[in-house]
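Read through the structure below, which is laid out as structure tokens, and then see the notes.
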Amino acid sequence: MSADTAGYIATAALVVAVLALLLALWVLVRARRLSRLSAFRPQMPADLQATVEREANRLDQLTVRVEGLDGRLPVAESRSTLSLQRIGVVRFNPFEDTGGQQSFALAMLDARGTGVVISSLHSRQATRVYLKQITEGKSDTQLGNEEAEAIRQALASGDIRG
């Protein structure tokens, strides 16, 4: 082998080595970039089929539960109209010799405006409590100003239609 041929072979080997080194560096940089990107992705489970089946079963169970709640919702809504949900309170002094607004009128009504108004009249000698039935926002007995105001407040507090 001549010196020129050995030089060409050495030069070619050097070029191949440099290219191999550049390729190795490129692969290393690319691998690091991909590993950083995969750190932000969820890991793929080893057994994907089992995971999909487990999640499908969970979804079926949730569907059954939601359908069960869907059947109970109308019952709960119809019962809720009968619960006390509108409240109005007015405190006042009915007599000149008392202070502190210890007397009150308390209206407690359901969604239809039916319920009771309770009035407490406090004086130095006694406290009297009265209860009047309210049907759809109206009473069949005479209401005092404070009782009427408590009912008005209660009816206004339940108006959520906005």
Side-chain angles (χ1 to χ4, degrees), residues 23-162:
L23 181 63
L25 287 174
W26 180 80
V27 167
L28 181 64
V29 168
R30 182 82 175 144
R32 283 188 179 173
R33 183 183 305 154
L34 288 175
S35 70
R36 275 194 312 248
L37 288 176
S38 68
F40 296 108
R41 295 185 190 140
Q43 295 296 320
M44 185 63 69
D47 187 5
L48 186 58
Q49 181 66 30
T51 302
V52 169
E53 288 175 5
R54 187 172 52 250
E55 293 303 315
N57 287 336
R58 278 187 60 218
L59 184 58
D60 290 342
Q61 291 171 355
L62 286 173
T63 302
V64 168
R65 288 181 66 191
V66 167
E67 287 171 353
L69 291 174
D70 190 39
R72 292 171 48 192
L73 185 60
V75 174
E77 285 178 341
S78 68
R79 287 182 182 172
S80 72
T81 61
L82 302 174
S83 66
L84 294 177
Q85 49 187 285
R86 298 177 175 204
I87 308 293
V89 178
V90 175
R91 293 180 58 169
F92 61 97
N93 287 324
F95 308 110
E96 292 181 15
D97 65 339
T98 62
Q101 295 187 333
Q102 295 178 6
S103 297
F104 64 88
L106 169 66
M108 298 182 292
L109 309 174
D110 65 9
R112 296 181 319 246
T114 299
V116 295
V117 62
I118 300 171
S119 300
S120 170
L121 300 177
H122 177 74
S123 69
R124 292 188 186 270
Q125 294 78 24
T127 298
R128 297 187 182 202
V129 178
Y130 302 95
L131 181 127
K132 295 179 183 173
Q133 187 169 346
I134 307 300
T135 304
E136 295 180 357
K138 298 188 180 7
S139 174
D140 56 352
T141 60
Q142 182 69 31
L143 295 174
N145 292 339
E146 293 82 5
E147 293 168 324
E149 175 63 18
I151 292 170
R152 189 196 63 71
Q153 287 179 12
L155 292 172
S157 73
D159 188 13
I160 57 173
R161 290 171 284 172

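Bear in mind the structure is a predicted one, so any value in this text is a computation, not a measurement. Because only heavy atoms are used, hydrogens play no part in the values below, and waters and symmetry mates are left out as well, while side chains stay in.
Residues R30 and V27 form no side-chain contact, since every pair of their non-hydrogen atoms from C-beta on lies 4.5 Å or further apart. D110 has its side chain out of reach of R86: every pair of non-hydrogen atoms, C-beta onward, lies at least 4.5 Å apart.
Side chains of S103 and H122: no donor on one and acceptor on the other come within 3.5 Å. A side-chain donor-acceptor contact under 3.5 Å links E147 and S119.
Taking CZ from R65 and CG from L62, the interatomic distance works out to 6.5 Å, rounded to the nearest 0.5 Å. Taking CG of L131 as the reference point, atom OG1 of T141 lies at 9.5 Å (rounded to 0.5 Å). Distance CD/Q102 to CZ/R91: 7.5 Å, rounded to 0.5 Å. How far CD of Q85 is from CZ of R112: 10.0 Å, rounded to the nearest 0.5 Å.
Just one residue in the list T114, D140, L109 forms a side chain to side chain contact (heavy atoms under 4.5 Å, CB included) with T135, and that residue is T114.
Residue E55 qualifies as enclosed at atom CD: its count of foreign heavy atoms under 6.0 Å is above 12. The number of heavy atoms from other shown groups lying within 6.0 Å of CG (N57) is above 12.
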* Report the C-alpha separation of I118 and M108 in whole Å, then their side-chain angles, then the decisive distance to 0.1 Å, and conclude whether the side chain to side chain contact (heavy atoms under 4.5 Å, CB included) test is met. => CA-CA 8 Å; I118 300 171; M108 298 182 292; 3.7 Å; yes
* side chain to side chain contact (heavy atoms under 4.5 Å, CB included) between F92 and L121, worked out -> CA-CA 9 Å; F92 61 97; L121 300 177; 3.6 Å; yes
* Asked: Passes side chain to side chain contact (heavy atoms under 4.5 Å, CB included), V90 versus Q153? Steps please.
  -> CA-CA 9 Å; V90 175; Q153 287 179 12; 3.7 Å; yes
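The minimum heavy-atom distance between L155 and G137, with the atom names listed, is CD1-CA, 4.1 Å. The shortest non-hydrogen separation linking S120 to T127 is OG-CG2, 3.5 Å.
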